[in-house]
Amino acid sequence: MTPETAARRIEELRSLIRRYDYAYYILAEPEVSDAEYDALFRELQALEAQFPQFITPDSPTQRVGGAPAEGFNKVRHSVPMLSLDNAFTDEEVAEFEQRILALAPDIPQPIEYSAEPKMDGLAISLRYEKGILVQAATRGDGEVGEDVTRNAMTIRAIPLRLLCDTPPQVVEIRGEVFMTRQAFEQLNARQLEKGEKPFANPRNAAAGSLRQLDPRITAERQLSFYAYGWGEVSPGVLVETHIETMALFRQWGAPVNPLMERVLGLKGMTDYFQRMLARRPDLDYDIDGVVYKVNSIAWQEKLGYTARAPRWALARKFPAQEAWTKLLDVIVQVGRTGALTPVAKLAPVRVGGVNVSSATLHNFEEIKRKDIRIGDTVIVRRAGDVIPEVVGPVLSRRPADAKEIIPPKKCPVCGADVIQEPGKAVLRCSGGLYCPAQRQRALEHFVSRKAMDIRGLGPKLIAKLVEKGWVEHPDDFYRLSADQLATLEGMGTKSAHNIINAIEASKNTTLPRFLYALGIPEVGEVTAEQLAQHFGTLEAIMQADEAALEAVEDIGPVVAHNIVTFFRQPVNQKVIQGLLQAGIHWDDIHPSKDATSSASFFAGKTVVLTGTLHTMTRDEAKARLKALGAHVTNSVSRKTDFVIAGEKAGSKLAKAQQLGIPVLNEQQFLEKLGGQTP
Ligand code: 5U1
């Protein structure tokens, strides 16, 4: 190839790659497959290796790394990177508007604001000269930051060259570098595989990845970027409003959060806050609030700045999801299968709007790995509905008398020996159903929603029934009478009848629920579903040996051994007979080879469920999909194969449509399921 032809092809490839980056990051409408993209990229790399005279700093190949640096150079920001004033209540937002009206009484009302999510990442300033990225700097103290240009160049969402014909002399685009939850989970899985420490949250992971001395590591970390403002700009860059300027940046190739909106007055701001609060759990990235800005740039200039923040912008924060508090003590809970879980007793603290005084410490190996001690100030995290957890200690606040946490040698409830299976982190009580704690948990599990679903039989009532000697094993529930229950203190005749009715109703169940309810170690809903689909009857499962069980997809030697051991115990056989004699029944399942084979429509596919289904609960749909070999995930990405959309499907459906991912409605989903279980 002549140098002239090579130069032409190189330009062609670069412009194709830029176009595909734009389609992917800005339009969220990929134009080519990953494989096609990679092929073009490799062709460009090969040509540049052969003709190095044509390498330019804005070539897409220049993203991929470079040698590690000794440290980061300091960069003085030409325009300081200010922070934002915060508000935690609607009143504080009202005060913000009052301050604006006091300073600018002539501002047209209702005041027009831009509103957008506040990304939980780290701020960056990207300096473009004549359209080429020449410097990327972290915020630092607002005046002086660190030069992270080499690292920022590896982030594919950051354009190396602006897509405009007459680029301005200078424009500094500012925004947030962040990590999606999906990228974060994948990164942590890789960290654990390598035996390295997982990151505590996506923000730490993003910060740790951007501030890497080795840009090749940053390149592997899948960081993202949204623009939200600017620093130094040549005259004529800014247009009339904030939103229009952001639209211009977007046109130039810098992604802007699509949830940015124009809102009017105080009501517009508070409504937007509520909407984002509701959407927060569904987003594929962490946000810690929303940001409002007076939309008119002329009015922004009139309102000006305080020493640390613009007067025309405000961050309305969500209630904190993490807090610091003191670890007062550690107690040990015994689970259904004897697993010992250390639970932190904490000085009460509000986390994400909820009072928290205990949190899980997961297991004793985690405690050791994180070096948590009693007396430490610890970081407590609450995410959505999940149990609060202790993230780690604040070592700078460790008191001299902080006490080491020693794993127990005996079960704290029954005194039986504590055992640890080889290669497992969890400690177990060896007392089996003789341990009152294990028995209580097993009974609670049996009646739970996803098992026999007996409403009204809560933990306190179960404890009372055990104490009275009326219930020892699950089949004893079916021998209770309303008259007997009504003799309990605080139990009215009506409640007693309701409970007996609920017990009666539970007799009509399904084989997977029944199997799950038995509480066989490591047989969750999905495994129960797989067993039922594979064998069809309880008898077949009870008679299966380990080899037959291992033929079921995803059942390995450990689970197979647990199942065989469980059904071999005379006490378990007796309980199962008791349950069947009490009248527990289910419809037959006709086992199908297809149901578990890779020939299944859903086998190996990544599926997202959204919206409300009418014929089954979300959990059931999930279990059935998993039983068919699908991976069910929470967020829609390019890796999603199907989205199953029930009624009132929202942002996930919209994203699927945006990305061109096939969507099945409930009817189509049922048809596909029907095809799997003839
Ligand atoms: N979303 C968003 N975050 N954030 C942070 N917008 C935004 N604006 C900021 C900051 C510091 O400052 C503006 C004044 C550009």
Side-chain angles (χ1 to χ4, degrees), residues 80-121 123 139 142 174-176 226-230 238 240-247 256-283 285-323 349-355 382 384 650-651:
M81 289 182 81
L82 299 178
S83 50
L84 292 172
D85 282 335
N86 290 326
F88 291 91
T89 61
D90 286 349
E91 291 71 45
E92 286 171 351
V93 179
E95 284 164 19
F96 163 68
E97 182 157 274
Q98 288 309 315
R99 283 197 299 273
I100 294 175
L101 286 169
L103 286 164
D106 299 336
I107 190 167
Q109 289 194 54
I111 302 176
E112 194 179 296
Y113 300 97
S114 80
E116 70 198 275
K118 187 168 186 308
M119 308 299 298
D120 202 1
R139 178 174 183 279
R174 290 180 176 174
E176 201 91 344
Y226 276 146
Y228 59 60
W230 54 88
L238 303 180
E240 206 171 304
T241 64
H242 180 81
I243 291 178
E244 287 166 313
T245 307
M246 298 320 294
V256 175
N257 194 324
L259 297 177
M260 176 182 279
E261 268 182 39
R262 171 177 167 273
V263 299
L264 295 177
L266 186 57
K267 179 151 184 349
M269 289 193 279
T270 48
D271 283 354
Y272 183 83
F273 176 76
Q274 290 303 332
R275 277 187 286 129
M276 290 305 125
L277 196 55
R279 290 191 69 162
R280 185 185 194 189
D282 284 339
L283 298 175
Y285 46 79
D286 284 357
I287 62 176
D288 57 355
V290 300
V291 179
Y292 309 120
K293 293 168 191 162
V294 170
N295 196 23
S296 154
I297 293 175
W299 281 105
Q300 285 184 1
E301 281 162 8
K302 280 186 215 164
L303 286 162
Y305 300 82
T306 64
R308 45 162 251 122
R311 291 200 181 90
W312 40 266
L314 183 75
R316 169 78 203 268
K317 294 291 211 63
F318 293 140
Q321 299 276 99
E322 272 186 13
V349 64
R350 273 184 89 70
V351 191
V354 168
N355 283 328
R382 213 189 122 248
S651 60

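Salt bridge annotation for D90-R316: present, with a cationic side-chain nitrogen under 4.0 angstrom from a carboxylate oxygen.
Counting heavy atoms from C-beta on, the side chains of I297 and E240 never come closer than 4.5 Å. No side-chain heavy atom of T241 sits less than 4.5 Å from a side-chain heavy atom of R262. Between L314 and V93, some side-chain heavy-atom pair lies under the 4.5 Å cut-off. A 4.5 Å side-chain heavy-atom check between E116 and L259 finds every atom pair outside the cut-off.
In this structure, the side chain of R174 does not engage the main chain of A123 through any donor-acceptor pair within 3.5 Å. The backbone N or O of Y226 sits nowhere less than 3.5 Å from a side-chain atom of N257 that would complete a donor-acceptor pair. For Q300 (side chain) and W312 (main-chain N/O), no donor-acceptor pair under 3.5 Å exists by modelled atom type.
One distance of note links CE of M276 with CD1 of I287; it measures 7.0 Å at 0.5 Å rounding. Atoms CD1 and CG, from I111 and L264 in turn, are 10.5 Å apart once rounded to the nearest 0.5 Å. Rounding to the nearest 0.5 angstrom, the gap separating the NZ atom in K302 from the CD1 atom in I100 is 13.5 Å. Atoms CD1 and CG, on I243 and N295 in that order, are 4.0 Å from each other to the nearest 0.5 Å. Here the CG atom belonging to D288 is positioned 7.0 Å from the CZ atom belonging to R280, to the nearest 0.5 angstrom. One finds the CD atom of Q109 at 11.0 Å from the CG atom of L266 (value rounded to the nearest 0.5 Å).
Among all heavy-atom pairs drawn from S83 and A309, the shortest one is O-CB, 3.2 Å. For the residue pair P310 and Y305, the shortest heavy atom distance occurs at CA-CD2, 3.6 Å. For the residue pair A102 and P105, the shortest heavy atom distance occurs at O-CD, 3.8 Å. Listed here is the closest heavy atom pair of K118 and L84: CE-CD1, 4.4 Å. Summarising the geometry of V290 relative to Y272, their closest heavy-atom pair is CG1-CE2, 3.8 Å, with the distance given to 0.1 Å. Contact record, K293 with A313: CG-CB, 3.8 Å, taken as the closest heavy-atom pair.
The ring-ring contact (aromatic ring centres under 6.0 Å, His included) test with H242 singles out one residue from W230, Y228, Y292, and that residue is W230.
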Check against side chain to side chain contact (heavy atoms under 4.5 Å, CB included), L103 and W299: CA-CA 10 Å; L103 286 164; W299 281 105; over 6 Å; no
